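Report on one structure; see the data block that follows.
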Amino acid sequence: MNKMLKIAVIGGGSSYTPELVEGLIRYHDTFPVGELCLVDIAEGEEKLRVIGELARRMVEKSGLPIKVVATLDRREAIRGADFVSTQIRVGGLDARSRDEKIPLAHGLIGQETTGAGGFAKALRTIPVILDICKEMEELAPEAFLINFTNPAGIVTEAVSKYSSIRSVGLCNLPIGTKMQIAELYGRAPEELFIEMAGINHLNWTTRVVLDGKDCTADFLGRLSDSGGFTMKNIPDLAWDADFIRSLGALPCAYHRYYYMKSEMLAELLESYKEAGATRADDVKAVEAELFELYRQPDLAHKPAQLEQRGGAYYSEAAVQLMKSIYNDAGDIQIVNVRNGGIIACLPDDAAIETNCVIKADGPHPIALASPLPPQIRGLLQVVKAYEELTVEAAVRGSREAALQALTIHPLVGDERAARTVLAEILEQNKAYLPAFAAE
Ligand code: G6P
């Protein structure tokens, strides 16, 4: 247990990487990383160089014996790694911008990870992640894949169905929600247990337990005057108190796209029509500002400006997970794993996002206190079926699965619209979808 660990970060040139570095430094006493290998693709070389240098300055300031390597050689990065973390964006922010705009042009919600936008991202991403898994099978078969890459739930499902690599899908939303609930009660997050059930970006907080007492009803009652439980990237539309009470759970921030579809669409369309801009364009501006800062040779910490991004607590989530696996901690974290019967209304091999006990061999999902009620089950099953079809579409290059996936997605829900949007997605992403070209 006292060997120095090697972590490979694929997509290491991401503006989020300083978050991760900060966490690796903070927890070095219980998670002794000896080598941090940041890897990126040739187009990202300059960003990788900047991030690599900043990471080196951060490590140097900490005085810890962590070697930082920045490389374009993915195989060398993966070789012998104990953990491989993926935070890639296939096609970059330009592709995200297209994902957001294609649906909007047809009067549909255009979003990074849900609806038709998230679908396009899944098609581009799954083949690349499965390639990474193949390299891991060869070069680091015992390593854990910690996947942050969106759409994280769909990617986790693809990996668990099509690779032998041990993998965990990770998102900052659960930890962020827990922090916000703790804050509402004036407590530390460790003093609180929350039960979350569902899938990534569509999970419900079904129970809140404080000092051993179930205070879910009290919590739901407080929501009307507690702000919106949202994230930087999602408009903070308030939940209706009666709706929340009858739902019997706290929806996640992304549920606004489903439960308040018209209002959310109007919000998105307004900024799109006014400035021709979507979130991807805002993020480009934030990134430019961040990289300007990252380049400053005296900067040796994560700048506060990073908080403008949606990925708050990314570092907490990633480092806590790797640390608990390494230490066989047996603590509870909310991550994306294979269902295996925990959510009875979903297939066993579906990826779900729920509470897990984290052991040396990975996360073990915990039974739910009670089965999910119909108002949750109904939406969950539909979106999971969409995800299942999307994985099939991406892996097999199947237009049929793709059309069915989009048609049943609640943010599309129309065969004609699905057909039109799918044609545009396939056309505009041609360069990233060889499986479709071959069909
Ligand atoms: C949240 C989500 C992430 C998502 C991010 C987008 O943190 O959980 O999955 O990628 O927001 O943030 P951005 O700043 O890129 O819009």
Side-chain angles (χ1 to χ4, degrees), residues 11 13-20 23 47 85-101 104 109-115 117-122 124-125 129 146-156 168-180 196 198-205 228-236 251-257 264 267-268 271-272 277-291 302-318 321 333-336 351 353 383 387:
S14 158
S15 61
Y16 280 121
T17 301
E19 270 263 347
L20 183 66
K47 283 170 76 180
S85 136
T86 40
Q87 45 177 45
I88 60 174
R89 191 184 288 287
V90 180
L93 283 168
D94 286 340
R96 172 173 174 181
S97 172
R98 290 194 294 271
D99 292 349
E100 292 168 343
K101 287 170 185 162
L104 280 179
I109 283 175
Q111 212 282 328
E112 180 197 17
T113 64
T114 63
F119 167 83
K121 186 164 173 44
R124 285 194 305 274
T125 307
I129 294 282
I146 308 293
N147 177 62
F148 243 102
T149 300
N150 272 319
I154 304 183
V155 169
T156 303
V168 192
L170 199 53
C171 178
N172 62 323
L173 188 149
I175 199 168
T177 305
K178 191 170 181 188
M179 301 260 192
Q180 291 176 65
M196 257 194 191
I199 55 180
N200 183 238
H201 289 178
L202 197 81
N203 64 43
W204 290 260
T205 301
F229 278 83
T230 194
M231 331 180 73
K232 285 280 159 52
N233 55 317
I234 300 179
D236 188 6
C252 79
Y254 284 80
H255 274 105
R256 288 181 174 80
Y257 294 107
M264 291 294 275
E267 287 257 346
L268 294 174
S271 58
Y272 180 48
T278 59
R279 175 75 188 164
D281 303 298
D282 299 346
V283 168
K284 278 185 188 174
V286 174
E287 273 221 5
E289 189 189 337
L290 282 170
F291 272 88
K302 178 193 83 176
Q305 281 86 340
L306 189 50
E307 285 158 24
Q308 295 173 65
R309 298 292 307 274
Y313 307 122
Y314 161 42
S315 150
E316 280 300 307
L321 174 63
Q333 298 183 27
I334 300 166
V335 296
N336 289 267
E353 187 169 74
V383 181
E387 292 196 344

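Worth saying up front: this structure is predicted, and the values here are computed from it rather than measured. Positions are given from 1, in the same order as the sequence printed here. Whatever order the structure lists ligands and atoms in, that order sets their numbers, starting from 1.
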- Item | Passing candidate, side-chain contact (heavy atoms from CB on, under 4.5 Å) with N172, options M231, E316, M179 | M231
- Which of these, R98, K101, R96, sits in a salt bridge (Lys or Arg N to Asp or Glu O under 4.0 Å) with D281? K101
- Task: Name all residues meeting the side-chain contact (heavy atoms from CB on, under 4.5 Å) criterion together with D282; count only those two or more places apart in sequence or in a different chain, and write none if there are none.
- Result: none
- Under 4.0 Å from ligand 1 - residues by heavy atom, chain and number: Y16, R96, E112, N150, C171, N172, H201, M231, N233, Y254, R279, V283, R309, G310, G311
- Classify the ring geometry between Y314 and F148 as parallel (under 30°), tilted (30 to 60°) or perpendicular (over 60°). perpendicular
Atom pairs and distances, side-chain donor-acceptor, residues 303-311, under 3.5 Å, sequence neighbours left out:
residue	atom	partner	partner atom	Å
Q308	NE2	Q305	O	3.4
R309	NH1	S15	OG	3.0

- Task: Report the residues that fulfil side-chain contact (heavy atoms from CB on, under 4.5 Å) with S315, sequence neighbours left out, ordered by chain and then residue number.
- Result: E19, V319
